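Just so we're clear, the structure is a prediction, and the values are computed from it rather than from any experiment. For this chain, numbers begin at 1 and follow the sequence in order. Ligands are counted one by one from 1 in listed order, and the atoms in each one are counted from 1 as well.
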Amino acid sequence: MRVPTLDLQAQYATIRDDVNQAVSRVFETQGFILGQGVKDFETAVAGVCEANHAIGVSSGTDAILVALMSEGIGHGDEVITTTFSFFATAGTIARTGAKPVFVDIDPATFNIDTTQIEAKITSRTRAIVPVHLYGLPTDLDPIVAIANRRNLVVIEDCAQAIGARDSRGRQVGTIGEYGAFSFFPSKNLGAAGDAGMVTTMDDTRASKLMKMRVHGEIEQYKHAFVGGNFRIDALQAAVLHAKLPHLAGWTEKRRQNADLYRTLLEKKGVTRPLGSEQALAGSGGVIVPVEPVGYRHIYHQFVIRADRRDELMAWLNSKEIGARVYYPIPLHLQECFAGLGYQQDDLPQAELAASQVLALPIYPELTANMIEYVVDQIAIFYR
Ligand SMILES: Cc1ncc(COP(=O)(O)O)c(C=O)c1O
């Protein structure tokens, strides 16, 4: 049996007509830049995300960048974020000229350890960028409390978390000042290329973002500030609008797949208790991802911690199972950030996670048989 990391062709087969018609309509009008189709998508996706405003942009990376630029963050400023994320989270901070300041993670959730944030704040700190990694929301209450006390902006990196909710039922991207989303093709809601969006509850910030994405233009050829070309393509907005009604069902399917993995891994006796990550080496087992009480994880990734991770991955890959590592090197140890002066062991929880994490295929079109096959192969490996 073959269980790929992702199967976008299987998804496309179920929505081919809707997507093709949406694309065709854009070609008929030849309206490729912004316009009514983009507005309609933004209204629809804002509704689904329960945000007051959604501004379509060119990528998830640009969504973070444009939010930072909108706040005037740049040289001399510091921005606090998690060290365990995709590169764009920190790359965008560095691109503004600001200094990324990295915080370790909570080993249970893989998200930023909120208890370690305050100690990293200086007079130069301007913003906090928490990441809802793999689709599980970071607990934002303590972050918002710190931000309010210290007059900082919160930019939620929601790239992996569209539709996720915290224990108070709030959707990601509606709690901080900004939510930055990615529609990279592999995301739960994926475009046919690069696209992203910024959400905000604040009318003034929304209005500035709309200008930022068109070079800070306030009237034709009049520029109040320096923005960029951060527009979402009309073609991408059309594809995303056609796919949007399916998102809730796809997410539900991912959640069911996660439940089935948990049940089967437990049955096979390979599950080790949460919190045992320090003792995982030599345990012959895995720790399954946690969904804290009341939270709605959307399982962009289903990430286990595994004893002998690299060997397990090689074993699964040899059985045509698309298990992958997100992410093998924490951001504070990336070569491009060597100048920031971090050393090995500075942020030990993230470093341990980077050596243990393994994402199993979780996409909605997986069948129960495929999940059973993956779990069987994990059990055989540890036998
Ligand atoms: C956590 C995180 N932040 C930011 C991004 C950047 O998004 P994009 O690839 O759309 O630029 C991604 C996606 O790849 C991501 O996973």
Side-chain angles (χ1 to χ4, degrees), residues 5-6 8 41 45 49 54-69 79-96 100 102-103 105-106 109-112 127-138 140 143 154-164 172-173 176 178-199 213 228-233 235-237 239-240 243 254 289 297-303 324-332 334 336-337 350 353-354 357 359 362-363:
T5 308
L6 189 66
L8 288 174
F41 167 62
V45 75
C49 294
I55 293 99
V57 295
S58 29
S59 67
T61 302
D62 287 344
I64 306 169
L65 183 63
V66 75
L68 291 162
M69 287 173 71
V79 176
I80 293 176
T81 191
T82 168
T83 189
F84 198 52
S85 182
F86 177 62
F87 180 76
T89 308
T92 47
I93 296 168
R95 268 186 69 191
T96 66
F102 296 113
V103 174
I105 57 165
D106 170 352
T109 63
F110 300 111
N111 285 325
I112 193 167
I128 306 172
V129 183
V131 180
H132 307 301
L133 200 70
Y134 307 142
L136 174 66
T138 301
L140 287 181
I143 296 180
V154 176
I155 300 169
E156 300 173 53
D157 182 338
C158 307
Q160 302 187 3
I162 190 164
V172 298
Y178 302 90
F181 293 76
S182 167
F183 300 125
F184 186 78
S186 65
K187 295 294 194 283
N188 289 28
L189 180 63
D194 281 307
M197 92 177 155
V198 188
T199 54
R213 77 171 168 187
N229 177 352
F230 296 129
R231 294 182 294 254
I232 189 171
D233 267 350
L235 275 168
Q236 299 304 345
V239 170
L240 290 163
K243 291 175 83 169
R254 284 172 182 269
H297 195 320
I298 56 110
Y299 295 101
H300 172 56
Q301 303 292 358
F302 182 85
V303 177
R324 297 273 178 277
V325 175
Y326 311 105
Y327 299 94
I329 307 173
L331 297 169
H332 69 283
Q334 291 291 343
C336 63
F337 294 135
V357 289
I362 190 71
Y363 60 89

K.L.:
Report, in ascending order of atom number, the atoms of ligand 1 lying under 4.0 Å from any heavy atom of Val131.
P.N.:
1 (C)
K.L.:
Apply ring pair (Phe, Tyr, Trp, His ring centres under 6.0 Å) to Tyr134 and Phe110, showing your working.
P.N.:
CA-CA 9 Å; Tyr134 307 142; Phe110 300 111; 5.4 Å; yes
K.L.:
Below 6.0 angstrom between ring centroids: does that apply to Tyr363 and Tyr299?
P.N.:
no
K.L.:
Run the ring pair (Phe, Tyr, Trp, His ring centres under 6.0 Å) test on Phe84 and Phe102 for me, step by step, so that the C-alpha distance in whole Å, both residues' side-chain angles and the decisive distance to 0.1 Å come before the verdict.
P.N.:
CA-CA 9 Å; Phe84 198 52; Phe102 296 113; over 10 Å; no
K.L.:
Does the residue Thr89 have a heavy-atom contact with ligand 1, meaning some pair of atoms that are separated by less than 4.0 Å?
P.N.:
yes
K.L.:
Hey, are the side chains of His132 and Glu156 touching, using non-hydrogen atoms and a 4.5 Å cut-off?
P.N.:
yes
K.L.:
Which option out of Lys187, His132, Gln160 puts a heavy atom nearest to atom 13 (C) of ligand 1?
P.N.:
Lys187
K.L.:
Enumerate the atoms of ligand 1 whose separation from the nearest heavy atom of Ser85 is less than 4.0 angstrom.
P.N.:
1 (C)
K.L.:
Which residue from Leu65, Thr61, Ile64 reaches closest to atom 11 (O) of ligand 1 through any of its heavy atoms?
P.N.:
Thr61
K.L.:
If the cut-off is 4.0 Å to any non-hydrogen atom of Gly60, which atoms of ligand 1 fall inside it?
P.N.:
6 (C), 7 (O), 8 (P), 10 (O), 11 (O)
K.L.:
Does atom CZ (Arg324) have a neighbourhood of more than 12 heavy atoms from anything else shown, all under 6.0 Å?
P.N.:
yes
K.L.:
Tell me, which protein residue and heavy-atom name are nearest atom 3 (N) of ligand 1, and how many Å apart are they?
P.N.:
Asp157 OD2, 2.7 Å
K.L.:
With heavy-atom distances below 4.5 Å as the criterion, would you say the side chains of Thr61 and Leu65 are in contact?
P.N.:
no
K.L.:
Give me the nearest non-hydrogen protein atom to atom 2 (C) of ligand 1 as residue plus atom name, then the distance to 0.1 Å.
P.N.:
Ala159 CB, 3.3 Å
